[in-house]
Protein chains: 2
Amino acid sequence: MVIRSGRPRQAREREQAREPEQAKSPESRETKAARAVRKEPPHLTPELIHATALAMVDADGIEGLSMRKLAAALDVNPMSLYHHVPNKAALLLGISQLAVADLRIAPARDDTPWPRQLRQIGHSFRALAHQHSNLIVYLLAHPGFIQREGPLWGALCHTLRRAGLPDAEVGRIGNVLLTFVSGFVLAEINGSLGDLLDSGDAAEIDRGFEAGLDILVAGLAAHGASPAT
Amino acid sequence: MVIRSGRPRQAREREQAREPEQAKSPESRETKAARAVRKEPPHLTPELIHATALAMVDADGIEGLSMRKLAAALDVNPMSLYHHVPNKAALLLGISQLAVADLRIAPARDDTPWPRQLRQIGHSFRALAHQHSNLIVYLLAHPGFIQREGPLWGALCHTLRRAGLPDAEVGRIGNVLLTFVSGFVLAEINGSLGDLLDSGDAAEIDRGFEAGLDILVAGLAAHGASPAT
DNA sequence: ACCTGAACACCGTTCAAGT
DNA sequence: ACCTGAACACCGTTCAAGT
């Protein structure tokens, strides 16, 4: 369970490519440099392992990822991975955190009308789903993806409270909105949505998503939310 | 690891235990009876294989099903299965058809108001999801579960047309409703719903589902559906 | 016609041994 | 401290051989 934060991932990788500023010990930096000169495979780190694994999932789906194939991609013995990642479950947790870090929720601005803010949250989620579609399918089918402490759930609840919903209903309705968006992107990604339509083109799918947001916003207003703000 | 339980399966097995009404040929019935007398393991048939596999998935999840464990449960050599089922993908297709057969959509009655009928469809789907929760998680993550020709999609479109939606919007809005229900039951089954709530009790989850239906029906009315009928 | 054992190419993971 | 080869207990599936 060693997951490093991995916030600005690219910066971190660049940091590794050149000499790291704060190396743990002089020796480790020397050997790292020595290896780089000898053109050996890069030092294994949890960050590199997670990033490579995420790239594999993005490219080939969850089934395309195995400890052994990951090791091959890193040009390393399969067993070496276990010195940096306890097991495959932890690896999947790590790459999911890496992917979720790409989620960009617009900062809560209380001057934008709540329907617009609700739509923005929905679009952010959908954008993330498109970015890591293979992973999202896996994540939605397993618990713990959306967290109560996460920015998405926080923004959602904040907006619903701002729409005038009583406290007792915020969580309830938040779940309704979230499950619609989840279900939609899931069906969209696995192709079900297109199958059920006469014309399964991308624009029609987009219109379906907007229609869903329309209906939910309208229903929310009818349900007791304050119409304006 | 012999799992013999499985709820609705028992009736099905009884049916097979006594003489099937429409046996394929006289010989096959005779040998089946003969074997039963000698207390040999039951004849392998696709039906028995599918029913047993479904029971295993219901009990232990998708990961709990393997060709080898299935064979062990049937007291048979693993390779024998391949004479009745081409491969594991076909097996999963078979058990999903078995499960979907349990879906009971109320017959289309044009005298019940469309909101009530929409809710009924949602409840039918959720009931099925509860009945085979492990399988539904797998099915929702893979394409081809809901079919255009199936009773659920048919009933959904019929009802939306009856609500006065223009043809161009029936498929679009049908997808919205279906993806909400799918996303909800998925999150419900994998525990996400409870995690996000203060009190994750079953009654609160039920209320959330009803709230979702409320909002969608209200939004649909605002969206242009005829209010009554 | 139905079943089976051996075999192949994969998995995740443990562990003792190497440097 | 880091890496590795051998090994174990699993997979799905093929195929030739049995009855």
Side-chain angles (χ1 to χ4, degrees), chain A residues 1-2 16 20 23-36 38 40-50 52-53 56-57 60-95 138, chain B residues 1-2 23-36 38 40-50 52-53 56-57 60-95 138:
Chain A
M1 284 289 182
V2 181
Q16 270 168 226
K24 288 133 197 169
S25 74
E27 304 93 273
S28 88
R29 196 172 56 188
E30 274 178 68
T31 60
K32 191 169 286 185
R35 297 215 173 205
R38 277 185 269 133
E40 286 185 10
H43 254 94
L44 279 186
T45 63
E47 289 79 13
L48 180 60
I49 292 173
H50 288 145
T52 309
M56 289 180 73
V57 171
D60 303 329
I62 280 284
E63 349 268 39
L65 174 67
S66 77
M67 299 298 274
R68 293 172 123 107
K69 280 193 270 193
L70 174 57
L74 287 164
D75 206 6
V76 127
N77 184 287
M79 300 315 129
S80 303
L81 299 175
Y82 286 90
H83 290 271
H84 304 92
V85 161
N87 51 41
K88 196 180 184 184
L91 175 67
L92 286 168
L93 195 86
I95 73 176
Y138 166 81
Chain B
M1 269 283 185
V2 181
K24 287 132 197 171
S25 73
E27 303 93 273
S28 87
R29 196 170 56 189
E30 273 178 69
T31 62
K32 189 169 285 185
R35 295 221 173 200
R38 278 185 269 133
E40 286 184 12
H43 251 96
L44 280 185
T45 61
E47 289 80 13
L48 180 60
I49 291 173
H50 289 145
T52 308
M56 289 180 74
V57 172
D60 302 329
I62 280 283
E63 349 267 41
L65 174 67
S66 78
M67 298 298 274
R68 293 172 123 109
K69 279 193 269 192
L70 174 57
L74 287 163
D75 207 6
V76 128
N77 185 287
M79 301 314 128
S80 303
L81 298 174
Y82 286 89
H83 291 270
H84 304 92
V85 161
N87 51 42
K88 197 182 183 181
L91 174 66
L92 286 168
L93 195 87
I95 74 176
Y138 167 81

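Lettering of chains follows the sequences in order, A, B, ..., and the numbering in each one begins at 1.
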[N] [atom2] sits how many Å from [X] [atom1], rounded?
X     : N      : atom1 : atom2 : value
B:E63 : D:dC10 : CD    : P     : 16 Å
A:L44 : D:dA1  : CG    : C1'   : 13 Å
A:L70 : C:dC10 : CG    : P     : 17 Å
A:Y82 : C:dC11 : OH    : P     : 11 Å
B:K88 : C:dC11 : NZ    : P     : 15 Å
A:L92 : C:dC11 : CG    : C1'   : 14 Å
A:N77 : D:dA6  : CG    : P     : 10 Å
B:K69 : D:dC10 : NZ    : C1'   : 9 Å

Residue mapping more 5' on DNA chain D - nearest nucleotide basis, A:H83 or A:R68: A:H83
Considering non-hydrogen atoms only, spot the tightest contact between [X] and [Y] and give its length.
X      : Y     : value
B:A53  : B:L70 : N-CD1, 3.8 Å
B:G94  : B:H50 : CA-NE2, 3.8 Å
A:Y138 : A:L92 : OH-CD1, 3.4 Å

How is B:M79 classified with respect to the nucleic acid when contacts are heavy atoms under 4.0 Å: base, sugar-phosphate, or nothing? base
Describe the nucleic acid contact of A:S66 in one word from base, sugar-phosphate, nothing, applying a heavy-atom distance below 4.0 Å. sugar-phosphate
Is any side-chain nitrogen or oxygen of A:H84 closer than 4.0 Å to OP1 or OP2 of D:dC3? yes
Would you find a donor on one side and an acceptor on the other, under 3.5 Å apart, between the side chain of B:K88 and the backbone of B:L65? yes
Partner lookup for D:dG5, please. Criteria are Watson-Crick or G-U wobble with both distances under 3.5 angstrom; report none if nothing qualifies. C:dC15
